[in-house]
Amino acid sequence: MTDGELYARHRAVMPAWLALYYREPLELTHGAGRHVWDASGKRYLDFFGGILTTMTAHALPEVTEAVSAQAGRILHTSTLYLDRHMVELAERIAALSGIPDARVFFTTSGTEANDAALLLATTYRRSNQVLAMRNSYHGRSFSAVGVTGNSVWSPTSLSPLQTLYVHGGVRSRGPYAHLSDKDFTAACVADLTDVLGQTYGNVAALIAEPVQGVGGFTAPPDGLYAAFREVLAERGILWITDEVQTGWGRTGDHFWGWQAHAENGPPDLLTFAKGIGNGMSVGGVVARAEIMNCLEANSISTFGGSPVTMAAGLANLTYLLEHDLQGNARRVGGLLLERLRAAAAPLAVVREVRGRGLMLGVELVGRDGSPSPHAASLVLEHAREAGLLIGKGGREGNALRIAPPLSLTVEEAEEGADILEQALREAQYTIGGKDGP
């Protein structure tokens with residue numbers, strides 16, 4: 001069966017809003033290391049990792065063997081029974097989180113993790129008012145959509161929450177973009193304070209991604225959320241850090257994204273998912289015991305913390321730490337960032353190359369300087385033809401998202417950069433700029 005035939009069947013049975021990349025959608029059949037293969041046998045260098053989820057490597061033996069061994073014993077039990085892997089993984093995540101007296105609740109996705117964090121925060125604070133960042137994304141559930149500040153990912157205006165959006169998630173656009181980092185932070189703090197001055201009653205929490213993922217890998221200056229925390233703490237407002245995409249050392253400089261904003265202590269709640277399972281469905285929330293234990297109604301999870309996914313997560317985390325993949329992300333990601341900036345310097349189609357570690361964004365514009373989703377789509381297609389898979393995002397869909405597995409080698413980074421440089425030149429030429437191929 002061809003990809004075209006499979007696509008026709010997909011369209012006949014799947015929702016119309018279920019997005020697929022590429023003019024001719026692609027079926028991936030297997031992977032190894034930093035590479036994947038399609039149904040025709042073509043090999044690709046993977047710079048997106050199934051949306052930042054294949055964190056260490058495809059078909060990592062340590063993970064696949066842990067999954068196979070556990071599957072051969074028992075696949076499922078639920079949280080009604082003790083599970084050694086779940087307890088051990090929770091112990092390690094609690095210790096790594098930086099949150100004192102931490103408790104961990106496992107879910108099956110980042111969406112569900114953020115949903116649980118919102119339930120905890122609003123219950124603890126007895127308020128449904130939540131602060132969120134403009135241009136943010138937190139998942140596809142009803143409550144997660146309600147705190148998503150990116151209009152193209154918000155299919156409804158209805159919400160169980162009253163959400164107040166504040167500035168700060170996007171450094172290089174918006175009314176404060178012209179300011180220095182120090183003045184940018186001060187302006188965003190003033191905006192936050194002004195918003196809080198117009199609220200009635202308690203605000204439950206601020207939920208924020210240290211680096212906005214779907215938003216196009218945008219980030220504030222280091223220290224902004226620490227400055228926010230000072231304002232929030234005076235009012236008892238909780239800080240939820242959404243580490244679904246930034247966690248586990250991906251940004252290189254820090255194990256968690258919140259650590260770039262650590263002057264006023266750790267967050268009250270931390271959510272995680274994606275990379276910890278290396279493809280298995282693992283998510284979760286970490287919180288101080290008094291917050292985690294505030295729920296008075298019964299609650300369990302049928303699939304969160306399953307024996308197989310916990311075995312995978314534990315093996316994957318062990319590999320990550322023992323092989324210092326955070327350090328690799330810092331070193332190789334730094335080289336890749338400089339390589340892409342050098343390649344983009346003469347190209348008018350590139351407005352900005354940003355990011356840290358192995359979480360890099362390339363923002364593209366048209367001839368008039370306005371966001372160009374067309375250019376982003378062109379680069380995706382050209383890169384695929386040359387054997388490289390990348391992602392895209394941003395509110396206008398004009399940002400390339402580059403997030404390879406954290407075990408990426410220098411040679412693979414150079415190979416991917418060469419392909420991206422040529423794809424950017426092709427896009428430059430197609431939209432009618434200078435310095436084409």
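FYI, side chains are in, hydrogens and waters are out, and symmetry mates aren't considered; it's all heavy atoms of this structure.
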For this session: Quick one: closest heavy-atom pair of Pro346 and Arg425, and the distance?
Result: CG-NH2, 4.1 Å
Exercise. Do we see a donor-acceptor contact under 3.5 Å between the side chains of Asp368 and Ser370?
Worked result: yes
Problem set entry | Donor-acceptor contact below 3.5 Å, side chain Asn278 vs main chain Ala57 | yes
For this session: With sequence neighbours left out, write down each residue that passes salt bridge (charged side-chain N to carboxylate O under 4.0 Å, His left out) with Arg341, or none if nothing qualifies.
Result: Glu338
Exercise. ring-ring contact (aromatic ring centres under 6.0 Å, His included): which pairs involve residues 4-32, sequence neighbours left out?
Worked result: His30-Trp37
For this session: Verify the distance criterion only: is there a donor paired with an acceptor across the side chains of Glu243 and Thr246 at less than 3.5 Å?
Result: yes
Problem set entry | Side-chain heavy atoms of Phe106 within contact of Ser301, under 4.5 Å | no
For residues 390-399, run the donor-acceptor check on the side chains, cut-off 3.5 Å, and write out each pair with its distance to 0.1 Å, sequence neighbours left out.
residue, atom, partner, partner atom, Å
Lys392, NZ, Ser377, OG, 3.0
Asn398, ND2, Leu364, O, 2.9

For this session: Kindly say whether the aromatic ring centers of Phe272 and Trp256 come within a distance under 6.0 Å.
Result: no
Please set out all donor-acceptor pairs under 3.5 angstrom arising from side-chain atoms of residues 380-388, sequence neighbours excluded.
residue, atom, partner, partner atom, Å
Glu381, OE2, Arg23, N, 2.6
Arg384, NH1, Glu24, O, 2.5
Arg384, NH2, Glu24, O, 3.4

Problem set entry | Pairs involving residues 303-338, ordered by first then second residue, that meet ring-ring contact (aromatic ring centres under 6.0 Å, His included) (sequence neighbours left out) | His76-Phe303, Tyr319-His323
Could you tabulate the donor-acceptor pairs under 3.5 Å formed by side-chain atoms of residues 87-97, not counting sequence neighbours?
residue, atom, partner, partner atom, Å
Arg92, NH1, Thr318, OG1, 2.7
Ser97, OG, Ala94, O, 2.8
Ser97, OG, Ile99, N, 3.1

Exercise. Would you say the side chain of Met133 lies within less than 4.5 Å of the side chain of Leu206, judging by non-hydrogen atoms?
Worked result: yes
Seminar exercise, completed: Applying side-chain hydrogen bond (donor to acceptor under 3.5 Å, both in side chains) to Arg134 and not counting sequence neighbours gives His167
Problem set entry | Partner residues of Glu414 under the side-chain hydrogen bond (donor to acceptor under 3.5 Å, both in side chains) criterion, sequence neighbours left out | Arg339
For this session: Using modelled atom types only, decide if a donor and an acceptor are shared between the side chain of Asn135 and the backbone of Gly215 within a distance under 3.5 Å.
Result: yes
Exercise. Does anything in residues 170-180 pair up under salt bridge (charged side-chain N to carboxylate O under 4.0 Å, His left out), and if so which pairs, sequence neighbours excluded?
Worked result: Arg171-Asp181, Arg173-Glu363
For this session: Please confirm whether the backbone N or O of His138 pairs with a side-chain atom of Thr148, one donor and one acceptor, at under 3.5 Å?
Result: yes
For this session: Could you list the residues that satisfy salt bridge (charged side-chain N to carboxylate O under 4.0 Å, His left out) with Asp222, not counting sequence neighbours?
Result: Arg356
For this session: Kindly give the heavy-atom pair with the smallest separation between His35 and His58, and that separation in Å.
Result: O-CD2, 3.7 Å
Exercise. Who are the salt bridge (charged side-chain N to carboxylate O under 4.0 Å, His left out) partners of Glu352, not counting sequence neighbours?
Worked result: Arg354
Seminar exercise, completed: Residues pairing under salt bridge (charged side-chain N to carboxylate O under 4.0 Å, His left out) where one sits in residues 25-54, two or more places apart or in two chains, turn out to be Arg34-Glu412
For this session: Compare all side-chain heavy atoms of Trp248 with those of Leu52 and state whether any distance is below 4.5 angstrom.
Result: no
